[in-house]
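All values below come from the heavy atoms of this structure, side chains included, with hydrogens, waters and symmetry mates left out. Reminder, nothing fancy here: chain letters follow the sequence lines and each chain counts from 1.
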Protein chains: 2
Amino acid sequence: MTYDRLLEIATEHFGAKGFEGASTRKIAADSGTAMSSITYHFGGKEGLYLAVADHIAARIAERQASALVAAKSGAKLTRDQAIEAALAMVESFGRMMLAPESAAWSTFIVREQQAPTAAFERLYDGAMRAVVERLVALIAVARPDLDAQAARMTGILLYGQALILCVGHAAVCRVLEVESLDAGMQSALLARLRATSLCVLSEKPE
Amino acid sequence: MTYDRLLEIATEHFGAKGFEGASTRKIAADSGTAMSSITYHFGGKEGLYLAVADHIAARIAERQASALVAAKSGAKLTRDQAIEAALAMVESFGRMMLAPESAAWSTFIVREQQAPTAAFERLYDGAMRAVVERLVALIAVARPDLDAQAARMTGILLYGQALILCVGHAAVCRVLEVESLDAGMQSALLARLRATSLCVLSEKPE
DNA sequence: GTCTATACTACGATAGAC
DNA sequence: GTCTATCGTAGTATAGAC
């Protein structure tokens, strides 16, 4: 379908070059269709951009769905269970950050973070909110010594560890002295992510 | 000087909108000069872009200089000294990430990370390398249980915690339920950054 | 060094054929 | 639904006056 193909290609282009950098002519050409198809299906460049935001949010949501289910919310958890569930969420996020698709997503999202447009609301409400809130709730159980705001901040910082794997991709490769992150390096990174997160989550409340 | 003014304004524009999104016309206009001044001083848009990369690298380097000096390299440090020096470096980086100027830098750098151009070399060699290598060396002292590669990964992850404060700015505000990060919130974030980093650095080698 | 002029290319939008 | 054709705008680069 032309609609889907345009959406897929547009995700790559907007992710790689940003809103202004991407060209509707090139998006249409790479999708094997005419530029006016964008007008027909999405109303214009801006409509296409917003559709891409929804698309990214949906993809992220479905990828994080399993981690969310595993970290069941309502149930009372022991501290060890909460720690394990939080680790699983951070690791799941890190795994997504290492996946090749998310390279396009991350630049898209980071741009929206710095200068939020209407697309940011869709990204946050569609994908981020549920994941962050769940992790924060688990941290509150794992670290009863932290107040609510400190638990939120800790959640942010833990996700930051995973985020750099994608957002700082070139620097990560440089520091590790590799050309790209092969499967072995990826699992080593995820293991380290889990280990450092465990240090934070299992800190003994004195 | 026209040269300096162009450089400063260009840093903002490229940071906010990326290479393709920024317009030499607008950069020149905001600098109060003619567009052809860019050709004269920088040879064209691309030359200006590379000059901005050098400019950002220099600014970062000078900001991190004090943290680098404090974490003196050659000297033998005790574990506690290494931990304290590493904490100071992470905190210094976090402080920079919270500074308003770095908002423009971060998007510039993140774009380069995902799709590195010649500008990335300048950023990495000019600013990042020294800071990362110093932190990794300190981690090696603080955590003798980690091998060299694990120490590198840990350094990356610690910097990731600080990076999200800038790169995920909009989401951070959302999670903390504030409009912007005032001074109190900033120091609370830095305190938490220090606390979680301490958890990782002071982990007892069994 | 800095400006004005202009040349040329590429952009997004839209109208209308099919 | 998809295409071609065209319009107006905005982009960078460059030549030449001062």
Side-chain angles (χ1 to χ4, degrees), chain A residues 1-56 58 104 107-108 111-112 114-120 122, chain B residues 1-56 58 104 107-108 111-112 114-120 122:
Chain A
M1 208 172 168
T2 305
Y3 182 96
D4 293 325
R5 182 137 185 80
L6 276 171
L7 201 53
E8 187 189 346
I9 301 292
T11 303
E12 291 172 22
H13 281 237
F14 283 130
K17 309 197 136 203
F19 181 77
E20 1 251 342
S23 151
T24 54
R25 278 179 141 90
K26 286 187 191 123
I27 291 171
D30 283 8
S31 305
T33 185
M35 190 184 38
S36 47
S37 297
I38 292 174
T39 311
Y40 178 78
H41 285 292
F42 302 96
K45 190 184 192 182
E46 194 160 328
L48 179 57
Y49 186 79
L50 292 175
V52 165
D54 288 337
H55 185 235
I56 290 175
T107 42
F108 188 100
R111 250 186 292 271
E112 284 296 323
Q114 244 73 25
T117 70
F120 178 72
R122 298 169 181 234
Chain B
M1 209 172 166
T2 305
Y3 181 96
D4 294 326
R5 182 137 185 80
L6 276 173
L7 201 52
E8 188 189 343
I9 302 291
T11 302
E12 291 172 22
H13 282 237
F14 283 132
K17 309 195 133 205
F19 180 78
E20 355 252 344
S23 149
T24 54
R25 273 176 145 92
K26 285 185 192 127
I27 291 170
D30 284 7
S31 304
T33 185
M35 190 187 41
S36 47
S37 298
I38 292 173
T39 311
Y40 178 78
H41 285 293
F42 302 97
K45 190 184 192 181
E46 195 161 326
L48 179 58
Y49 185 79
L50 292 175
V52 166
D54 288 338
H55 184 235
I56 290 175
T107 42
F108 188 100
R111 251 185 290 270
E112 284 296 323
Q114 245 75 24
T117 70
F120 178 70
R122 299 169 182 234

Between [X] and [N], is there a side-chain N or O to OP1/OP2 distance below 4.0 Å?
X       : N      : answer
B/Ser37 : C/dT2  : no
A/Lys26 : C/dC11 : yes
A/Ser23 : C/dG12 : yes

query: Is C/dA13 in the syn range, within 90° of 0, or in the anti range?
result: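 The base of C/dA13 is oriented anti (glycosidic angle more than 90° from 0).
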query: Listed by chain and number, what are the side chain to side chain contact (heavy atoms under 4.5 Å, CB included) partners of B/Ala51, not counting sequence neighbours?
result: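 Only B/Leu7, B/Phe42 meet the side chain to side chain contact (heavy atoms under 4.5 Å, CB included) criterion with B/Ala51.
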- prompt: Among pairs that include at least one residue of residues 35-48 of chain A, which meet side chain to side chain donor-acceptor pair (under 3.5 Å), considering only residues two or more places apart or in two chains?
  reply: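 Residue pairs passing side chain to side chain donor-acceptor pair (under 3.5 Å), neighbours aside: A/Thr33-A/Ser37.
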field: side chain to side chain donor-acceptor pair (under 3.5 Å): pairs with one or both residues in residues 3-17 of chain B, sequence neighbours excluded
entry: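 Only B/Thr11-B/His55, B/His13-B/Asp30 qualify under side chain to side chain donor-acceptor pair (under 3.5 Å).
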Indicate the atoms forming the closest heavy-atom contact of [X] with [Y], along with that distance.
X        : Y        : value
A/Ala16  : A/Thr107 : N-OG1, 4.3 Å
A/Arg111 : A/Gly15  : NH2-O, 2.8 Å
B/Phe120 : B/Glu112 : N-OE1, 3.4 Å

query: Would you write out the dot-bracket form of DNA chain C, 5' to 3', with Watson-Crick and G-U pairs under 3.5 Å, [ ] for crossing pairs, | for pairs to other strands and . for unpaired bases?
result: ||||.|||||||||||||
Protein-nucleotide distance ([X], atom [atom1]; [N], atom [atom2]), rounded to Å:
X       : N      : atom1 : atom2 : result
B/Asp4  : C/dT2  : CG    : C1'   : 16 Å
B/Glu20 : C/dT9  : CD    : C1'   : 15 Å
B/Phe14 : D/dG11 : CZ    : C1'   : 13 Å
A/Ile27 : C/dA10 : CD1   : C1'   : 14 Å
B/Tyr3  : C/dT2  : OH    : P     : 12 Å
B/Ile38 : C/dG1  : CD1   : P     : 17 Å

Can you tell me how far the [atom1] atom of [X] sits from the [atom2] atom of [Y], to the nearest 0.5 Å?
X        : Y        : atom1 : atom2 : result
B/Ile9   : B/Ile27  : CD1   : CD1   : 9.0 Å
A/Arg122 : A/Thr117 : CZ    : OG1   : 9.0 Å
B/Leu6   : B/Leu48  : CG    : CG    : 6.5 Å

query: Sub-3.5 Å donor-acceptor pair from the side chain of A/Glu20 to the main-chain atoms of B/Ala22, do we have one?
result: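 No, A/Glu20 side chain to B/Ala22 backbone: no donor-acceptor pair under 3.5 Å.
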- prompt: How is A/Ala28 classified with respect to the nucleic acid when contacts are heavy atoms under 4.0 Å: base, sugar-phosphate, or nothing?
  reply: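 Since no nucleic acid heavy atom lies under 4.0 Å of A/Ala28, the category is nothing.
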Restricting both atoms to N or O, compile the protein contacts to nucleotides 4-6 of chain C shorter than 3.5 Å, with distance only.
from	atom 1	to	atom 2	distance (Å)
C/dT4	O4	B/Ser36	OG	3.0

query: Aromatic rings B/Phe108 and B/Phe14: how do their planes relate, parallel, tilted or perpendicular, breaks at 30° and 60°?
result: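 Judged by the thresholds at 30° and 60°, the geometry between B/Phe108 and B/Phe14 is perpendicular.
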query: What residues in residues 39-55 of chain A put a non-hydrogen atom under 4.0 Å from any atom of DNA chain D?
result: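 A/Tyr40, A/His41 - these, ordered by number, are the residues of the stretch whose heavy atoms sit under 4.0 Å from the strand.
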